[in-house]
Amino acid sequence: MCTSSVFRCRIFFLILLIVFVGLGVVSSQPVPRHEIGIVVHGGAGTILRSNMKPETEKQYRDTLTHALMTGYGILRNHGTSLDAVEATIKILEDCPLFNAGKGAVFTHEGTNELDASIMDGRTLKAGAVAAVKHIKNPIALARLVMDRSKHVMLTGDGAEAFAKEQGVALVPQEYFFTQRRWNDLLKAREADRKQDSLNRLNKQLNPVDTSESKHGTVGCVAIDEQGNISAGTSTGGITDKRFGRIGDSPIIGAGTYADDSTCGVSATGDGEYFIRVGVARTIAALMEYKNLSVQQATEEAIKKVGKLGGTGGAIALDKDGHIGIYFNTEGMYRAYIDENGRPVVKIYND
């Protein structure tokens, strides 16, 4: 009886040994790395080759390439998609060419009010700020809202008070001044004075599509080697905006969305229409519930915007690294890494 018990004990420990050795073999194997990817946009609108000076086009292409490769470099060095998105957008916010950060357009009152949002597709956590006036990089503050607060969106003075608590240095409004954007405001004010109240109301509801007023919002979507998708968007809004107007960029599900199970999205265009359609979430939902590809879903969502009378576009990246890009305007500043790891930058509706 005793011999039998010893035998059973030996068999039991042998089984345990085999199990532990097996686990050791499994844990020693390298963790499979997901294919990384990144796509960037700098806004959509009436962007015509005939209106673009060669030197200006080069500046746009160079900045988009620099931003894209910065984010891609983070991903290649095993960084997170969140870090890649934030770093990419910060470069675009610091460039006066785009309507975000340094290049933000002016409100009717002659101030600059900025919006931004970021979302983590792994956890579905998100952060956003709106109508901030003294934040150099709104996308970085949106990240802090996501990481260090229990909220999703903070606005105006409250957002800037939070920024101070987090040690973010505020900049004067003068930092955002560019002559180009100021001239846009002067033109818009003059147009306002020449219109009666009915026409002015119609203009607010149906803004005129011009190259200066309808492009410049920036955004980025990335997927890292862990398969985590992140998306972010940043903007200065629209020229001559009034009454504390906020568009789709800081609204999760409208201008920005990310979910590892489907895709990440950043949108640009007529914010009022993008909010009504819920463009970013719609793209993810079309993939989830109708099993559309990321390109098909992006096209369908933007077409919904077009049917309402809105213009703009969106970039998206699915869980397998496939890219979706669609816009219903004459052009959209956009860049991505192709399947061979090379940067591709496009501007016009070619």
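For reference, positions follow the sequence shown, starting with 1. Quick caveat, the model's predicted, so the values are computed rather than measured.
- A heavy-atom distance below 4.5 Å is found between the side chains of V129 and V145.
- Salt bridge D83/R143: present, at least one basic N to carboxylate O contact under 4.0 Å.
- Atom CG of D157 sits in a sparse spot, with 12 or fewer heavy atoms from other residues, nucleotides or ligands closer than 6.0 Å.
- Within the 4.5 Å cutoff, no side-chain heavy atoms of F176 are placed close to those of F106.
- Once rounded to the nearest 0.5 Å, the distance linking CG of L185 with OG1 of T107 reads 7.0 Å.
- Applying side chain to side chain donor-acceptor pair (under 3.5 Å) to T217 and the options T235, N99, D248 leaves one that passes, T235.
- Other residues, nucleotides and ligands contribute only 12 or fewer heavy atoms inside 6.0 Å of the CG atom of N291.
- One distance of note links CD1 of I74 with CD1 of I36; it measures 11.0 Å at 0.5 Å rounding.
- Linking Ile, Leu, Val, Met, Phe, Trp and Tyr residues whenever their side-chain heavy atoms come within less than 4.5 Å leaves I315 and V345 in two separate clusters.
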Q.
Please evaluate residues M332 and I325 with respect to the criterion side-chain contact (heavy atoms from CB on, under 4.5 Å), reporting the C-alpha separation (whole Å), side-chain torsions for both, the decisive distance (0.1 Å), and the verdict.
A. CA-CA 10 Å; M332 183 166 83; I325 300 176; 3.6 Å; yes
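- When the side chains of ILVMFWY residues are joined at heavy-atom separations under 4.5 Å, either directly or via intervening members, I229 and L124 end up in two distinct hydrophobic clusters.
- Looking only at distances, a side-chain donor or acceptor of T233 sits under 3.5 Å from a matching main-chain atom of G255.
- Looking at V265 and V221, their side chains never come closer than 4.5 Å, going by heavy atoms from C-beta outward.
- For the side chain to side chain contact (heavy atoms under 4.5 Å, CB included) criterion with V85, the lone passing option out of L82, T88, I89 is I89.
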Q: Take T63 and L92 through the test side-chain contact (heavy atoms from CB on, under 4.5 Å) and record every step on the way to the result.
A: CA-CA 7 Å; T63 304; L92 300 176; 4.0 Å; yes
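- Between the side chain of D259 and the main chain of S261, a donor-acceptor pair closer than 3.5 Å is present.
- A distance-only check finds no donor-acceptor pair linking the side chain of K136 to the backbone of E93 [under 3.5 Å].
- A heavy-atom distance below 4.5 Å is found between the side chains of I251 and M153.
- Distance NZ/K102 to CG/L114: 11.5 Å, rounded to 0.5 Å.
- At a threshold of 4.5 Å between side-chain heavy atoms, the hydrophobic network of Ile, Leu, Val, Met, Phe, Trp and Tyr places Y273 and I246 in two separate groups.
- Here E113 does not pair with R245 in a salt bridge; the nearest charged N to carboxylate O distance is not below 4.0 Å.
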Q: Kindly determine whether N228 and T80 satisfy side-chain contact (heavy atoms from CB on, under 4.5 Å), including the steps that lead there.
A: CA-CA 8 Å; N228 299 328; T80 68; over 6 Å; no
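- A donor-acceptor contact shorter than 3.5 Å is absent between the side chain of N77 and the backbone of G79.
- When all heavy atoms are compared, the tightest approach of I252 to I118 is CD1-O, 4.3 Å.
- Each of I238 and I275 belongs to its own hydrophobic cluster when Ile, Leu, Val, Met, Phe, Trp and Tyr are linked at side-chain heavy-atom distances under 4.5 angstrom.
- By the 4.5 Å heavy-atom criterion applied to side chains, F162 and H151 are not counted as neighbours.
- A donor-acceptor contact shorter than 3.5 Å is absent between the side chain of R276 and the backbone of G271.
- In this structure, the separation between NE2 on H34 and CG on L75 is 12.0 Å, given to the nearest 0.5 Å.
- Heavy atoms only, all atoms of each residue included: S117 and S249 are closest at OG-O, 2.6 Å.
- A single hydrophobic cluster is seen to contain both L144 and V132, as judged by linkage of ILVMFWY side chains at heavy-atom distances under 4.5 Å, directly or through other members.
- Looking at N137 and D94, their side chains do bring a donor and an acceptor atom within 3.5 Å of each other.
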Q. Between Y60 and M52, does a side-chain contact (heavy atoms from CB on, under 4.5 Å) hold up when you go through it step by step?
A. CA-CA 10 Å; Y60 275 109; M52 183 80 71; 4.1 Å; yes
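- Contact check on K290 versus E300 returns a salt bridge, with a Lys/Arg side-chain nitrogen under 4.0 Å from an Asp/Glu carboxylate oxygen.
- What you find for Y257 and A280 is that their closest heavy atoms are CB-CB, 3.6 Å.
- In this structure, the side chains of I302 and F274 come closer than 4.5 Å at one or more pairs of heavy atoms.
- Taking all atoms of both residues into account, the shortest heavy-atom contact from V294 to C263 is CG2-CB, 4.5 Å.
- Note: K164 NZ to L170 CG = 6.0 Å, rounded to the nearest 0.5 Å.
- Side-chain contact between I337 and L68 is present, with at least one heavy-atom pair separated by less than 4.5 Å.
- The heavy-atom pair separating E288 from R281 by the smallest distance is OE1-NH2, 3.7 Å.
- In plain terms, the two heavy atoms of K319 and I223 that are nearest each other are O-CD1, 3.4 Å.
- Under 3.5 Å, the side chains of T329 and T311 contain no donor-acceptor pair of N or O atoms.
- Separation of atoms CG (L317) and OG (S81) is listed at 9.5 Å; rounding is to 0.5 Å.
- Below 30°, between 30° and 60°, or above 60°: for Y333 and F98 the angle between ring planes is above 60°, a perpendicular geometry.
- Using modelled atom types, one finds a donor on one side chain and an acceptor on the other under 3.5 Å when comparing Q295 with E299.
- Residue-environment remark: NE2 (H108) exceeds the threshold of 12 foreign heavy atoms within 6.0 Å.
- Considering only heavy atoms from C-beta on, Q173 comes within 4.5 Å of H134 through its side chain.
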